[in-house]
Each structure stands twice: as structure tokens, then as C-alpha cells.
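Some notes on the structure that comes next.
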Amino acid sequence: MQQGMLFHSLLEPGSGVYVQQLICELPGEMDWVSFRRAWQTVVDRHDALRTGFRWEGTDEPRQEVHRTAPMDWEFHEWTGLAAAEQEIRWAAFLQADRTRGFKLDDGPWLRWTLFRRGVADHRWVWTSHHALLDGRSYVQLLCE
């Protein structure tokens, strides 16, 4: 299954095929640094989150688990923007994020983006490639 996902992703770069976006509304104040540190702990604990793929110079594609993984974090401060402008930017972000895809050989293999829309109003996007995670994996990791 993963080999097929890799094949289609390489065949159609920028298509967003197999790119997943988990979107969460996070009400309340937030400690961005602690949130990021907690996710680093999760990535360090799970091999699948540090997995890349090699296909050049090999007979068949293979997975490679790395000791560490580059983490791609973004923070957007939108508290000064009107709600309508936030929604326009939100839609543009989601589309650009999906078509951006991933470098499945070198990483980063995951992206986390946090949007602060108000003092106690956040939206978080966790973007990944389906070759690394499925829906059941998300649930397990979020429970952690």
C-alpha cells in the first residue's frame, strides 16, 4: 500500500494526493512552546513519525527510520485580522499546504501550523503524508 502511495505522489508532485490535514479548533489560552515540546516527545517516541523513503539507487523503494526528524512548525498571529480576512487566508493556506506536498526522502515528513485567531481562539493543522499515518494512528497519537 505504501509503495503505491509513494508511486502516485512521485508521479503527480504538487497534486496533494495522499496529503492529509488534521484540523483542530483549540479554544482557550495556549502555551505554544509547551505544545511544540509535547509533539517533539511524540515524534521522538514513534518510529513511524521519523520515517522517510528511498527509491533512487535501489531495486525497490524502502522505508528508512531516522534517529531524529526535522520538525516543520509555523505560527501565524491573526488576532488583528477581521474574521472575513481570516477565513480567506485560511482557505488559501489549506490549499497551498496540500499542494506543497512532502520531500519523502529527506523530510520533514510532518508539518504543524498553529493560528492564533484571538486571545483564547486557536486553530491547529497537522499535515502529513498518508504513507506515514492513517486515521487510526492519528487517534492513538492525539490520545498521547
Side-chain angles (χ1 to χ4, degrees), residues 1-56 61-144:
M1 186 70 89
Q2 286 175 311
Q3 189 173 10
M5 289 181 208
L6 177 63
F7 173 80
H8 289 286
S9 296
L10 295 173
L11 183 66
E12 299 178 58
S15 70
V17 67
Y18 298 116
V19 173
Q20 306 174 116
Q21 293 169 314
L22 177 72
I23 300 167
C24 297
E25 300 287 333
L26 303 172
E29 292 188 27
M30 182 166 210
D31 179 350
W32 166 248
V33 174
S34 294
F35 185 70
R36 184 175 176 167
R37 192 172 26 241
W39 278 107
Q40 180 66 61
T41 300
V42 172
V43 169
D44 293 344
R45 187 181 349 240
H46 295 281
D47 292 347
L49 303 179
R50 299 186 319 276
T51 298
F53 298 88
R54 289 281 174 233
W55 57 90
E56 293 180 353
R62 66 174 192 239
Q63 288 182 297
E64 292 182 339
V65 177
H66 300 265
R67 289 183 198 272
T68 61
M71 296 183 66
D72 190 350
W73 284 92
E74 289 182 26
F75 178 78
H76 296 269
E77 175 63 67
W78 285 0
T79 56
L81 299 176
E85 179 64 21
Q86 287 183 16
E87 290 309 311
I88 290 168
R89 289 184 184 201
W90 174 249
F93 167 81
L94 290 176
Q95 180 61 34
D97 183 54
R98 179 173 286 287
T99 58
R100 181 174 155 196
F102 289 92
K103 286 187 65 182
L104 294 172
D105 53 349
D106 288 331
W109 301 287
L110 304 165
R111 289 192 293 269
W112 292 272
T113 309
L114 185 66
F115 298 85
R116 185 161 72 179
R117 303 180 314 161
V119 174
D121 181 12
H122 299 82
R123 199 178 268 172
W124 172 56
V125 181
W126 177 7
T127 308
S128 65
H129 195 281
H130 188 52
L132 296 181
L133 294 166
D134 60 13
R136 291 182 182 164
S137 300
Y138 275 115
V139 172
Q140 179 184 352
L141 295 169
L142 288 170
C143 285
E144 242 183 82

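Numbers here simply count residues along the sequence, with the first being 1.
The aromatic rings of Tyr138 and Trp126 sit perpendicular to each other, their planes meeting at more than 60°, with 30° as the lower class boundary.
Using modelled atom types and a 3.5 Å distance limit, the side chains of Glu144 and His46 yield a donor-acceptor pair.
Atom NZ in Lys103 sits 14.5 Å away from atom NE2 in His129 (nearest 0.5 Å). The line from CG of Asp47 to CD of Gln63 is 10.0 Å long, rounded to the nearest 0.5 Å. Summarising the geometry, atom CD belonging to Gln40 is positioned 8.5 Å from atom CH2 belonging to Trp73; distances are rounded to the nearest 0.5 Å.
In this structure, the side-chain contact (heavy atoms from CB on, under 4.5 Å) partners of Asp134, at least two apart in sequence or on a different chain, are His130, Arg136, Ser137. Under the salt bridge (charged side-chain N to carboxylate O under 4.0 Å, His left out) criterion, Arg100 pairs with Asp72, Glu74, not counting sequence neighbours.
Between Asp121 and Glu25, the closest side-chain pair of non-hydrogen atoms falls below 4.5 Å. Using a 4.5 Å heavy-atom cutoff, the side chains of Leu49 and Leu133 are in contact.
Side-chain atoms of Arg50 come within 3.5 Å of backbone atoms of Arg67 as a donor-acceptor pair (strictly under, hydrogens ignored). Looking only at distances, a side-chain donor or acceptor of Glu77 sits under 3.5 Å from a matching main-chain atom of Thr79. Side-chain atoms of His122 never come within 3.5 Å of backbone atoms of Glu29 as a donor-acceptor pair (strictly under, hydrogens ignored).
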Chi angles and distances behind the side-chain contact (heavy atoms from CB on, under 4.5 Å) call for Arg116, Phe75: CA-CA 8 Å; Arg116 185 161 72 179; Phe75 178 78; 3.9 Å; yes

Steps toward side-chain contact (heavy atoms from CB on, under 4.5 Å) verdict (Phe53, Leu132): CA-CA 10 Å; Phe53 298 88; Leu132 296 181; 3.9 Å; yes

Steps toward side-chain contact (heavy atoms from CB on, under 4.5 Å) verdict (Val19, Phe102): CA-CA 8 Å; Val19 173; Phe102 289 92; 4.2 Å; yes

Full working for side-chain contact (heavy atoms from CB on, under 4.5 Å) between Leu110 and Met71: CA-CA 7 Å; Leu110 304 165; Met71 296 183 66; over 6 Å; no

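Closest approach of Val43 and Ala69 over heavy atoms only: CG1-CB, 4.1 Å.
Taking the ring centroids of Trp124 and Phe35, they lie under the 6.0 Å cut-off.
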Check: residues 82-94 side-chain donor-acceptor pairs under 3.5 Å, at least two apart:
from: Glu85; atom 1: OE2; to: Arg89; atom 2: NE; distance (Å): 2.9
from: Gln86; atom 1: NE2; to: Trp78; atom 2: O; distance (Å): 2.8
from: Gln86; atom 1: NE2; to: Leu81; atom 2: O; distance (Å): 3.1
from: Gln86; atom 1: NE2; to: Arg117; atom 2: O; distance (Å): 3.3

